[in-house]
Amino acid sequence: MAYCTQQDLIDEFGEAELIQLTDEEGLGVIGTAAVEKAIARADRKINRYLAGRNELPLASDDVVDLACDITRYYLYANQVTELVKERFHDAIKELEKMAARKIAVVDTAGTDAPESATVEMISSASVFGRGNY
């Protein structure tokens, strides 16, 4: 499962930018194959950073944002602007912090426990006590 989608990229950067970066045939449409290739490349990079975690935060908006910035960087290829490069390097720094567990990755897919959930602790009887000799 990809960390971001083509729609995430459109929402973040606009359809016109994706067309400009991927429309090799001049048809005025997004080159889906180029986008998918860049997304897959970004996924591999993110997985390398987060592989040490017990779970991969597939549902985190933070990771989606990072994936969008990394994918965009790959789409720019040899035409990278300073802003795109800066956002890429910032994304890598964030991944390093996530990998080192210096910052939390928050699940935003609604898979957290509902607000009405309660926690109950149950323990076995005491091993050492007045009635256990």
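Every value quoted in this text rests on a predicted model; they were computed, and no experiment measured them.
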Between [X] and [Y], is any pair of side-chain heavy atoms under 4.5 Å apart?
X: Arg72; Y: Glu17; answer: yes
X: Tyr49; Y: Met98; answer: no
X: Thr5; Y: Ile10; answer: no
X: Arg41; Y: Lys37; answer: no
X: Phe13; Y: Leu18; answer: no

Check your understanding: Between CD1 of Ile46 and CD of Glu94, what distance do you get to the nearest 0.5 Å?
Key ->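 One gets 12.0 Å once the value is rounded to the nearest 0.5 Å.
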
Note to self: Return the CG to CD distance between Leu9 and Gln6, rounded to the nearest 0.5 Å.
What the structure shows: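 Taking CG in Leu9 and CD in Gln6, the distance rounds to 7.5 Å.
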
Open item on the list: Taking CD in Glu15 as the centre, count heavy atoms belonging to other residues, nucleotides or ligands within less than 6.0 Å. Is the count above 12?
Closed with: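 Not more than 12 within 6.0 Å, no.
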
Residues, nucleotides or ligands: over 12 heavy atoms within 6.0 Å of Glu25 CD: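 Open: at most 12 neighbouring heavy atoms sit under 6.0 Å from CD of Glu25.
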
Dump the intermediate steps for side-chain contact (heavy atoms from CB on, under 4.5 Å) on Leu95 and Leu66, then the final yes or no. CA-CA 8 Å; Leu95 285 172; Leu66 299 177; 3.9 Å; yes

Q: Please report the closest heavy-atom contact between Ala42 and Ala67, naming both atoms and the distance.
A: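 Nearest heavy atoms, Ala42 then Ala67: CB-O, 4.1 Å.
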
Any idea which heavy atoms bring Asp23 and Gly28 closest together, and the distance?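 Where Asp23 meets Gly28 most closely, the heavy atoms are OD2-N, 2.6 Å.
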
query: In chain order, what residues pass the side chain to side chain contact (heavy atoms under 4.5 Å, CB included) check against Asp43, with sequence neighbours excluded?
result: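 Residues passing side chain to side chain contact (heavy atoms under 4.5 Å, CB included) with Asp43: Ala2, Tyr3, Ile39.
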
Exercise for review: Can you sort out the partners of Thr22 under side chain to side chain contact (heavy atoms under 4.5 Å, CB included), two or more places apart, ordered by chain and number?
Suggested key: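 Partners of Thr22 by the side chain to side chain contact (heavy atoms under 4.5 Å, CB included) criterion, ordered by chain and then number, come out as Ile30, Ala34, Val35, Leu75.
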
For residues 82-91, run the donor-acceptor check on the side chains, cut-off 3.5 Å, and write out each pair with its distance to 0.1 Å, sequence neighbours left out.
unit_1	atom_1	unit_2	atom_2	d
Arg87	NE	Asp69	OD1	2.9
Arg87	NH2	Glu12	OE2	3.1
Arg87	NH2	Asp69	OD1	2.9

